[in-house]
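As structure tokens, the structure follows; a few thoughts come after it.
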Amino acid sequence: MDAEFITEKIIAATNEVFETMLFMAVEPSEPLGDGQIKDRIDFSAYIGISGKINGIVGVHCRVALVEAITSTLTESESEDELIDAWAEIVNMVAGNLKTHISSQVDTFELSVPTVIAGHEFRIVNRGSKSSFPRIILPFVADDEYVFYVDVLYCNQ
Amino acid sequence: MAIRALIVDDSITIRMVVERILTQTGLDFEKCLHAGDGAEALKVLGSNKVDLILSDINMPNIDGLELVRRLKSDPATAEIPILMISTEGTETTLEQALSLGAAGYVKKPFTPETLAAAIEKCEL
Ligand SMILES: [Mg+2]
């Protein structure tokens, strides 16, 4: 599977999750490739994938996006709820990516998600020059909130 | 008939998202009850009558498959249609849910139209 194919599937999977489940319009922009995410990040969620494809799917954002999502759903915005929302989002993005990819190759399984919640930390990408290519796609939700879908993978 | 639904998911985000999508199906919902896992769902069902259950699979305490098994083996709840809502559900898990008696399943993400079609198949 080439990067172009995966990129196309990441865009389709992410669009569907945000548009159908969260009622937010999202616009992808050019992949960052091997570069670093320059923005400061507050929420980062990861899920491992294994099977015919092994790797990690991550989503990274500023807290404002998670707050925008949860504020339309619940009254309180405890950190637990923000973490819950972001974990479910990586779960849906990775699960939907699996659905989109599975018509072409055998499927992969998902691990449970892990969320890193902090304040203005930086995501630095390592190891992308090894056998694990990495695709980092920036998106803008509702013309306002930047987030990144970060997929590191290798074909078995 | 106004539908009383029970949404079972360990994620409050997903319960709220499912409830919001339910209201957009065009079907008439009287109310949506929530439960955070299978054990809580059994408790809610002990004191509330519902017409439809929408349940996640991976949950703590009593998971979705075990919930289906218990509800189907109890005459008081055996007739309530259960729709599984899953992201990561592998085909074998979903098939297992159906063989235990679940009425159907929808995979996240889904549209109100997809959810409405799955509910209509339950013939409430
Ligand atoms: Mg769950």
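Everything quoted here is computed from the prediction, not taken from an experiment. Only this structure's heavy atoms are used, side chains among them; waters, hydrogens and symmetry mates stay out. Quick note on labels: first sequence line is chain A, next is B, and so on, each numbered from 1.
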Given the rule in the side chain to side chain contact (heavy atoms under 4.5 Å, CB included) test, do Lys108(B) and Glu88(A) qualify, once you have shown the distances and angles that lead to the verdict?
-> CA-CA 10 Å; Lys108(B) 288 176 282 185; Glu88(A) 289 301 322; 3.8 Å; yes
Residue pair Met16(B), Thr70(A): steps toward the side chain to side chain contact (heavy atoms under 4.5 Å, CB included) verdict = CA-CA 9 Å; Met16(B) 298 308 291; Thr70(A) 56; over 6 Å; no
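Contact of the Ile21(B) side chain with the Met21(A) side chain is registered, since non-hydrogen atoms from C-beta on lie closer than 4.5 Å. Residues Arg20(B) and Thr72(A) meet the side-chain proximity criterion, which asks for heavy atoms closer than 4.5 Å. With contacts defined as side-chain heavy-atom distances shorter than 4.5 Å, the pair Phe23(A)/Val17(B) does not qualify.
Atom CG of Asp2(A) has more than 12 heavy atoms from other residues, nucleotides or ligands within 6.0 Å. Other residues, nucleotides and ligands place no more than 12 heavy atoms under 6.0 Å from the CD atom of Glu4(A).
Remark: Ser11(B) OG to Glu81(A) CD distance equals 9.5 Å, nearest 0.5 Å. The distance from the OG1 atom of Thr87(B) to the CD1 atom of Ile89(A) is 11.5 Å, given to the nearest 0.5 Å. With values rounded to the nearest 0.5 angstrom, Glu16(A) atom CD is found 12.5 Å from Phe110(B) atom CZ.
For Glu19(B), no part lies near chain A; criterion is any non-hydrogen pair under 4.5 Å.
Each of Ile14(B), Ile12(B), Asp10(B) was scored for a side chain to side chain contact (heavy atoms under 4.5 Å, CB included) with Asp84(A), with one residue passing: Ile12(B).
Residues Asn96(A) and Pro109(B) come closest through the heavy atom pair CG-CD, 3.4 Å.
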